[in-house]
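Encoded as structure tokens, here's the structure I'll be asking about.
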Amino acid sequence: MLRLFIKSRGRYLELALLVILLNLFISFAVVWYSNTPSEISRTSVQDSRLLLSVDISGETAQASESPVSNTVPIRDNEVIKPKQINPSEVKSEVPKDVPMSSKEKIKIDTRLGVFDKFRKFQSHMFSVVGEAWSVLSSSRALCLGAQTSVDRLYELVELVKNWSGPMSIAVFVPDIELAVGLRYIQYLRSCNLAIERQVSFHLIYPVEHQGTTNHPDLQGLDEVVGNMDCKQPKQVLKFLLNVRSKEMLAWRESYPYPQNLLRNLAKNGCQTNYTYIPDIDMVPTPGMDIQLETFLEKQEKKNNCSKCAYVIPTYEISINSTHLPSNKTELLQFVKDKQARQFHQALYSINQKSSNLKKWEKIPETEEIDIAYKVEKYIFKYEPLYIARGDTPAFDERFIGFGMTRNTQVYEMYVAGYSFYLLNNAFTNHWGFQSLKTRPQWRARQQEQNNARFDEFAKEVSAHYNADPYKMLDQLKKMNLKHVKVAYGTSKKNNTVAKKEEKKPLQEDIKKVFTR
């Protein structure tokens, strides 16, 4: 009997010990799971919100796998409100404790470029992805998509000041400009919090001048870029571009610039329902993006128009002005004082003629953005900036260089049945009054070549939509665009100024771009 009691007691002790060990194991597992898997889960949720419209592979894919939204965790079913960038949040200099040269360099594999349909250019979509790109693309209705050559990329600094939503920027980077562009983008991201958060970049170069990331003249340039002054973006870029050889500059300026391909890439990069496709030097007014978000939300509830384009007028601002007008009331005063005028008013007056901006200027500013009036009469070569759904017709890429680029896309929209509406308060600014004197001969020749391509384009558009509301097919012979000669400037003054600019010593740029 005693032996049986001792034996039973031993079994109970073994069972108790097993229960204690099991509890310890479960407790350890719970602690480990709460610390580790939640981070994995949160990252996977954020990565799943990176709404890329193209498949990315190789080193390009690695860029998209960077912690896009680590600073803004997202919970399931959370309502994300648009966040504006406060100017005080924008860095004015490179943080001294995190030097730019120590950051991971931006890389792309030129073997993985995607050809355009004519196999003349290669592109690398999402070469760089904004850290808050997926969050902004998911929470906003509107994305700004712009195109630029690398030598104008400094304009992005002013553009991003007045835009807090996602921005899709396509950059033309032939030859060694690819290397310059990669380093300059890294500089911009290190100096400007808004660019780092909001902007995704797509890089494009021609097959015959393939982009290069390695060159003897680039030795040591990465360390140099890390010491450049964040307050001098234009001078920094000018300094970096000095790496271009005389042989390259001989063909670079007049090389046909693929505007429409770049616009398509910028637009396709946008992940929002609506897109806005200005050029990089067309600056919106402060707060316009947030007002447009409210306007679009109301339109969705009101009529949900699928073929409406909301026109935003553009004005040239005199370089003698101390600042850009920040609202319509101030713009109208600029116009009255002859410090502002309609875009291309002297160079290409038909550009915004259908918008009837004299009528728009008579409408006083209101508190909210709304529709002012409908464009009643389409006039050929109308090329407004507008906001519309992302499924508008693509920009036709046969038009390379200058002329017939933006207006042919608007013409196709007109044939397809789109309606255009002027917004009452919204407008964009463009520095400088443009004139015929500033148009070089090579640009006029490119416009003539594009004019000659229009007849074929017009016939294709009419056949595609089975429509010809402008009676264009009857007018082609009379317009005779294939033989129209385009005027260009012959100002000796402009040539003299350009030559003086070329002779400026490199030492001046070096002094301006390095941080003291």
Side-chain angles (χ1 to χ4, degrees), residues 51-54 80 82 136-146 163 165-168 260 263-278 284 288-314 352 354-356 360 368-397 405-428 457-458 460-470 472:
L51 310 174
L52 303 184
S53 59
V54 294
I80 307 171
L136 290 171
S137 296
S138 300
S139 61
R140 296 295 184 96
L142 180 61
C143 167
L144 185 153
W163 195 270
M167 302 175 71
S168 174
N260 280 357
R263 288 188 178 111
N264 284 335
L265 294 173
K267 178 186 172 187
N268 292 341
C270 284
Q271 308 295 300
T272 54
N273 290 334
Y274 291 86
T275 58
Y276 171 52
I277 315 296
M288 188 179 87
D289 60 325
I290 299 299
Q291 289 183 318
L292 288 170
E293 291 283 334
T294 302
F295 166 77
L296 292 173
E297 183 180 0
K298 290 180 179 178
Q299 290 302 308
E300 288 276 328
K301 296 177 180 177
K302 189 176 180 180
N303 54 22
N304 197 23
C305 179
S306 61
K307 286 192 174 183
C308 288
Y310 305 108
V311 177
I312 299 177
T314 305
Q352 297 187 88
S354 295
S355 290
N356 191 6
W360 183 83
E368 295 183 350
I369 288 179
D370 205 346
I371 293 174
Y373 53 87
K374 181 180 180 180
V375 172
E376 297 296 340
K377 184 179 180 181
Y378 168 84
I379 300 174
F380 181 49
K381 293 192 176 180
Y382 182 42
E383 50 178 51
L385 295 184
Y386 62 83
I387 291 167
R389 291 185 180 274
D391 58 356
T392 53
F395 294 86
D396 197 290
E397 296 172 13
T405 53
R406 190 187 289 275
N407 63 54
T408 48
Q409 192 262 355
V410 174
Y411 171 74
E412 183 171 352
M413 290 175 66
Y414 169 69
V415 175
Y418 278 79
S419 297
F420 297 87
Y421 298 88
L422 268 290
L423 297 181
N424 57 354
N425 296 336
F427 66 94
T428 58
F457 167 78
E460 290 179 7
V461 168
S462 180
H464 178 75
Y465 295 100
N466 192 28
D468 187 15
Y470 202 71
M472 183 63 74

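Predicted model, so just to flag it, every value in this text is computed and none were measured.
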Are the side chains of Asn303 and Gln299 in contact, using a 4.5 Å heavy-atom criterion? yes

Mind checking whether Thr272 and Pro166 have side chains closer than 4.5 Å, heavy atoms only? yes

So Glu368 and Lys298, do their side chains get closer than 4.5 Å, heavy atoms only? yes

Report yes if the side chains of Asp289 and Arg140 come closer than 4.5 Å at any heavy-atom pair, otherwise no. yes

Any chance the rings of Phe295 and Tyr310 have centres within less than 6.0 Å?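 Phe295 vs Tyr310: aromatic centres under 6.0 Å.
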
Would you say Asn424 and Ile369 make side-chain contact, with heavy atoms under 4.5 Å?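 In short, these two side chains touch, coming nearer than 4.5 Å.
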
Examine distances only and state if a side-chain atom of Glu293 and a backbone atom of Leu142 form a donor-acceptor pair shorter than 3.5 Å. yes

Within this structure, what is the CD1-SG distance for the pair Ile387 and Cys308, rounded to the nearest 0.5 Å? 12.5 Å

Between Arg406 and Asn260, which heavy-atom pair has the shortest distance, and what is it? N-OD1, 4.2 Å

Ile312 vs Met288 side-chain heavy atoms within contact, under 4.5 Å: yes

May I ask you to decide if the ring planes of Tyr378 and Tyr411 are parallel, tilted or perpendicular, using 30° and 60° as cut-offs? tilted

So which atom in Val311 and which in Pro384 form the shortest heavy-atom distance, rounded to 0.1 Å? CG1-CB, 3.7 Å

Any side-chain heavy atom of Leu292 sitting closer than 4.5 Å to one from Tyr276? no

Heavy-atom pair with the smallest gap, counting every atom of Ser306 and Tyr418: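 Nearest pair, atom of Ser306 first, then Tyr418: O-CE2, 4.1 Å.
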
Tell me whether Glu412 contacts the main-chain N or O of Val461 through its side chain, where contact means a donor paired with an acceptor under 3.5 Å. no

Determine yes or no for a side-chain-to-main-chain donor-acceptor pair under 3.5 angstrom, with Lys267 supplying the side chain and Thr392 the backbone. yes

Ser354 vs Tyr414 side-chain heavy atoms within contact, under 4.5 Å: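 Ser354 does not reach Tyr414 side chain to side chain.
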
Is it the case that the side chains of Gln291 and Asn425 hold a donor-acceptor pair, with the cut-off being a distance below 3.5 Å and no angle test?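 Asn425 vs Gln291: no donor-acceptor pair found between side chains.
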
For atom CG of Asn466, is the number of surrounding heavy atoms from other residues, nucleotides or ligands below 6.0 Å larger than 12?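 No, CG of Asn466 has 12 or fewer neighbouring heavy atoms, counting only those of other groups under 6.0 Å.
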
Search all heavy atoms of Tyr382 against all heavy atoms of Val375 and return the closest pair with its distance.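 Taking every non-hydrogen atom into account, OH-CG2, 3.8 Å.
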
